Amino acid sequence: MGEILTREALIARVRAERAAGRTIAFANGCFDILHVGHVRYLDAAAQEADVLVVAINDDASVRALKGENRPILAAEHRAELVAALRSVDYVVIFPEATVAPLLEALQPDVHCKGTDYTVDTVPERETVRAYGGRIAIVGDPKNHSTRDLLARIASSS
């Protein structure tokens with residue numbers, strides 16, 4: 001099971017992993033209702049390096065991104081679910097509108113994004129390039145979403 005860490009503890013842990021010669025992959029998202037698309041994305045991200053760090057949007061940033069009725073699950077619960085996945089080593093909750101500050105602090109070897117992006121549309125691409133990291137587009141086609149899952153639930157009740 002992965003560990004849920006504070007930003008400060010994660011920075012120290014990533015430093016120790018690097019000192020041990022391990023490479024770091026980084027993925028991020030809301031992970032509001034965990035579904036197969038999330039699992040496939042994180043499994044693929046884990047294949048990009050020795051260690052996978054997952055950053056989860058806090059509740060306020062999910063509301064700003066997805067609307068007032070979201071998130072469905074609190075950040076602590078989303079973090080616990082993601083940490084339980086076998087491919088995940090570390091989880092951190094972040095409050096910023098983007099993960100750029102966290103990427104700057106951790107400087108992972110690879111920043112992984114889902115297939116709804118291209119290398120040129122990743123919002124943090126310049127941050128990653130500036131420190132010499134690479135971007136990987138991973139996971140299966142974006143055929144799964146929390147929004148679609150919620151709509152199916154609503155229509156079945």
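As a basis for the values below, the full set of heavy atoms in this structure was taken, side chains included, without hydrogen atoms, waters or symmetry mates. Remember, predicted model here, so these are calculated numbers, not experimental data.
- Listed for the Asp59 side chain is a donor-acceptor partner under 3.5 Å among the backbone atoms of Ala75.
- In terms of hydrophobic clustering, with Ile, Leu, Val, Met, Phe, Trp and Tyr side chains grouped at heavy-atom distances under 4.5 Å, Leu106 and Leu5 are assigned to a common cluster.
- Note on Ile72: it does not cluster hydrophobically with Leu65, by side-chain heavy-atom contacts below 4.5 Å among ILVMFWY residues.
- When all heavy atoms of Arg78 and Leu73 are compared, the pair lying nearest together is NE-O, 2.9 Å.
- Side chain of Arg70 to main chain of Gly67: no donor-acceptor pair is present (N/O by atom type, distance under 3.5 Å, no hydrogens or angles).
- If you take CD on Gln107 and CZ on Arg15, they are separated by 11.0 Å, rounding to the nearest 0.5 Å.
- Here the OG1 atom belonging to Thr121 is positioned 6.5 Å from the CD1 atom belonging to Ile137, to the nearest 0.5 angstrom.
- In this structure, Ile11 is a member of the same hydrophobic cluster as Leu103, with clusters built from ILVMFWY side-chain heavy atoms closer than 4.5 Å.
- Arg7 is linked by a salt bridge (Lys or Arg N to Asp or Glu O under 4.0 Å) to Glu96, counting only residues two or more places apart in sequence or in another chain.
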Would you be so kind as to tabulate the donor-acceptor pairs closer than 3.5 Å made by side chains of residues 79-95, with sequence neighbours excluded?
| unit_1 | atom_1 | unit_2 | atom_2 | d |
| --- | --- | --- | --- | --- |
| Ser87 | OG | Asp43 | OD1 | 3.0 |
| Asp89 | OD2 | Leu52 | N | 2.7 |
| Tyr90 | OH | Glu17 | OE2 | 2.5 |

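- Taking every heavy atom of both residues into account, Ala27 and Leu42 meet most closely at CB-CD2, 3.8 Å.
- Put simply, the side chain of Arg40 never gets that close to the backbone of Gly139: no donor and acceptor are under 3.5 Å apart.
- Nearest heavy atoms, Lys66 versus Cys30: CE-SG, 3.8 Å.
- Phe31 and Tyr41 have parallel rings, their planes meeting at less than 30° on a 0 to 90° scale where 60° marks the start of perpendicular.
- Side-chain contact between Arg13 and Glu3: present, with at least one pair of heavy atoms (C-beta onward) separated by less than 4.5 Å.
- Both Phe26 and Val14 sit in one connected hydrophobic cluster of ILVMFWY residues. Membership requires side-chain heavy atoms under 4.5 Å apart, directly or through other members.
- With values rounded to the nearest 0.5 angstrom, Arg134 atom CZ is found 13.5 Å from Arg129 atom CZ.
- The nearest pair of heavy atoms linking Pro108 to Arg18 is CA-NH2, 3.4 Å.
- Val53 and Val138 fall into different hydrophobic clusters, where Ile, Leu, Val, Met, Phe, Trp and Tyr side chains are chained together by heavy-atom contacts under 4.5 Å.
- Listed for the Thr23 side chain is a donor-acceptor partner under 3.5 Å among the backbone atoms of Asp50.
- For the residue pair Ala45 and Ala25, the shortest heavy atom distance occurs at O-CB, 3.6 Å.
- Residue Ile56 holds its CD1 atom at 10.0 Å from CG of Asn28, rounded to the nearest 0.5 Å.
- Between the side chain of Asp109 and the backbone N or O of Ile24, at least one donor-acceptor pair lies under 3.5 Å.
- Arg63 has no carboxylate O lying under 4.0 Å from a charged side-chain N of Asp32, or vice versa, which leaves the two without a salt bridge.
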> What do the steps show when you test Lys113 against Glu124 for side chain to side chain contact (heavy atoms under 4.5 Å, CB included), and what is the final call?
Replying inline: CA-CA 10 Å; Lys113 295 298 273 187; Glu124 306 84 17; 3.9 Å; yes
